[in-house]
Asker: 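Sharing a structure, written as structure tokens. Questions coming.
Keep in mind it's a predicted model, so treat the numbers as computed, not measured. Each chain gets a letter, A, B and so on, in the order the sequences are listed, and its residues count up from 1.
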Number of protein chains: 2
Amino acid sequence: MGGQAYQLDDYTSDCLARLAFEVLANRWDSVVVFTIAAYGPTRPAVLLTRIGGISPKVLNDALRRLEYNGLVDRRPYQEAPPRVDYSLTEAGNALLEPMRAMGAWATRYADAVLDAQERFEARETSTRSGSRSRSARPRR
Amino acid sequence: MGGQAYQLDDYTSDCLARLAFEVLANRWDSVVVFTIAAYGPTRPAVLLTRIGGISPKVLNDALRRLEYNGLVDRRPYQEAPPRVDYSLTEAGNALLEPMRAMGAWATRYADAVLDAQERFEARETSTRSGSRSRSARPRR
DNA sequence: CAGTATCCATGAGGATACTG
DNA sequence: CAGTATCCTCATGGATACTG
């Protein structure tokens, strides 16, 4: 069933936001979008070096998802050796502002998040107030 | 390794945004945050009915992650029967605006996303321009 | 009621090797 | 160079049943 249908009315109307989070939910998606935004139409090999720490296969997976969701356009040149580049669609471009808003939040609250994580870990070892036993440790 | 450390400088500075996406990356996280935001401190049983389509275990997982990431506060009452409620932290509240921006994007571009997905599926069956063979079908 | 314990299916991330 | 093919690991989502 390649790509489950989005249930746009599953939740409160506000939660249409979930669609936005889904199209960027995966590990590298937002990074790829930001990188293409920063440099314009870009070839995979260039993305590979500019991003760093991502394998060709995983980058390709990400590009395929982004293309599937209509955030990037794939443009193949009929040449040899093979040449392709990826650019942002209108939808992809429009997503940049909200993404930057998320980035601003992260800049402001990154420490709070890290602190909360440490406090959570700390609480976890010691006895827990309320209830809850010892094995409720989310990985992220 | 409960919760891998966030590498805040892994990417370009903009990509601090990834932290924001990570704390909401999972299936129900954004829905839970919006629901708590809409109704104030809320008990799990109430979230269960208000959200709908989520199991107690999965809701609990989500709440645990959100707590871990410092987006919600857990407040246990020492009573019988057990009673707990969850509220948004300052960081959680601050995230609402960016989330609404994402929601606005989704409202505007949901159709574009769906169209792109259909076109992708269509292209997939027919022969593909450029290169790429037949088994590159991302699920989302 | 809040939360845990299992068990299962699936899909993403990752490493490697290989085509056209 | 772009992309696919394998193969592995592990986190999530989900269903069910069970405690305090």
Asker: Salt bridge or not between A:Glu90 and B:Arg108? Use side-chain N to carboxylate O under 4.0 Å.
Answerer: yes
Asker: Between P on D:dA11 and CG on B:Asp29, what's the gap in Å once rounded to a whole number?
Answerer: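 Result: 16 Å.
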Asker: Counting only Watson-Crick or G-U wobble pairs whose two distances fall under 3.5 Å, which nucleotide matches C:dT19?
Answerer: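 Check on C:dT19: paired to D:dA2, both distances under 3.5 Å.
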Asker: With a non-hydrogen cut-off below 4.0 angstrom, is A:Pro81 in contact with a base, only sugar-phosphate, or nothing?
Answerer: nothing
Asker: Quick one: A:Asp85 CG to D:dC1 P, roughly how many Å, whole number?
Answerer: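 Those two atoms, CG and P, are 15 Å apart.
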Asker: Where each residue is assigned the nucleotide of DNA chain C containing its nearest heavy atom, which of A:Gly53 and A:Pro82 is assigned the position nearer the 5′ end?
Answerer: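 Closer to the 5' end of DNA chain C: A:Gly53.
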Asker: Roughly how many Å is it from OH in B:Tyr77 to P in C:dA2, rounded to a whole number?
Answerer: 11 Å
Asker: Closest approach to the side chain of B:Lys57, judged atom by atom: which nucleotide of D:dT12, C:dA5, D:dT4 is it?
Answerer: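 Comparing D:dT12, C:dA5, D:dT4 against the side chain of B:Lys57, the answer is C:dA5.
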Asker: Can you tell me how far P of C:dA12 sits from OH of A:Tyr68, to the nearest Å?
Answerer: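 Checked: the OH to P distance equals 11 Å.
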Asker: Please check the phosphate of D:dT12 (OP1 and OP2 only) for any side-chain N or O of B:Trp28 closer than 4.0 Å.
Answerer: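 So the side chain of B:Trp28 is outside the cut-off, no N or O lying under 4.0 Å from OP1 or OP2 of D:dT12.
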Asker: Heavy-atom nearest nucleotide on DNA chain C for A:Ile54 versus B:Leu63: which residue maps closer to 5'?
Answerer: B:Leu63
Asker: Would you mind reporting whether A:Glu121 and B:Tyr68 have side-chain heavy atoms less than 4.5 Å apart?
Answerer: yes
Asker: Does the distance from a Lys or Arg side-chain N to an Asp or Glu carboxylate O, for A:Lys57 and A:Asp61, drop under 4.0 Å?
Answerer: yes
Asker: Look at B:Arg43 and C:dG3 and indicate whether a side-chain polar atom (N or O) is within less than 4.0 Å of OP1 or OP2.
Answerer: no
Asker: For C:dG13, which nucleotide in any strand shown is its Watson-Crick or wobble partner with both distances under 3.5 Å?
Answerer: D:dC8
Asker: Respond yes when some side-chain nitrogen or oxygen of A:Asn60 is under 4.0 Å from OP1 or OP2 of D:dT4, and no when none is.
Answerer: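 Answer is yes, contact under 4.0 Å.
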Asker: Is any side-chain heavy atom of A:Arg65 closer than 4.5 Å to a side-chain heavy atom of A:Leu71?
Answerer: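 The answer is no, as the side chains (C-beta and beyond) never meet within the 4.5 Å cut-off.
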Asker: Once you round it to whole Å, what is the distance between P of D:dC1 and CG of A:Leu47?
Answerer: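 So the two atoms are 14 Å apart, to the nearest Å.
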Asker: Would you say A:Arg64 reaches C:dG11's phosphate, i.e. side-chain N/O to OP1/OP2 under 4.0 Å?
Answerer: no
Asker: Quick one: which of D:dA15, C:dA2, C:dG13 gets closest to the side chain of A:Arg27?
Answerer: C:dG13
Asker: State plainly whether the residues B:Arg43 and B:Asp85 are in salt-bridge range, i.e. N to O under 4.0 Å.
Answerer: no
Asker: For B:Leu59 and C:dC1, give me the distance from atom CG to atom C1', rounded to whole Å.
Answerer: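 That distance rounds to 12 Å.
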Asker: If I take atom CG in residue B:Leu48 and atom P in nucleotide C:dC1, what distance separates them, rounded to the nearest angstrom?
Answerer: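 The answer, rounded to whole Å, is 10 Å.
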Asker: Between B:Pro56 and B:Ala62, who's closer to the 5' end of DNA chain D by nearest nucleotide?
Answerer: B:Ala62
Asker: Can you measure A:Asn26 atom CG to C:dG11 atom C1' for me and round it to whole angstrom units?
Answerer: 9 Å
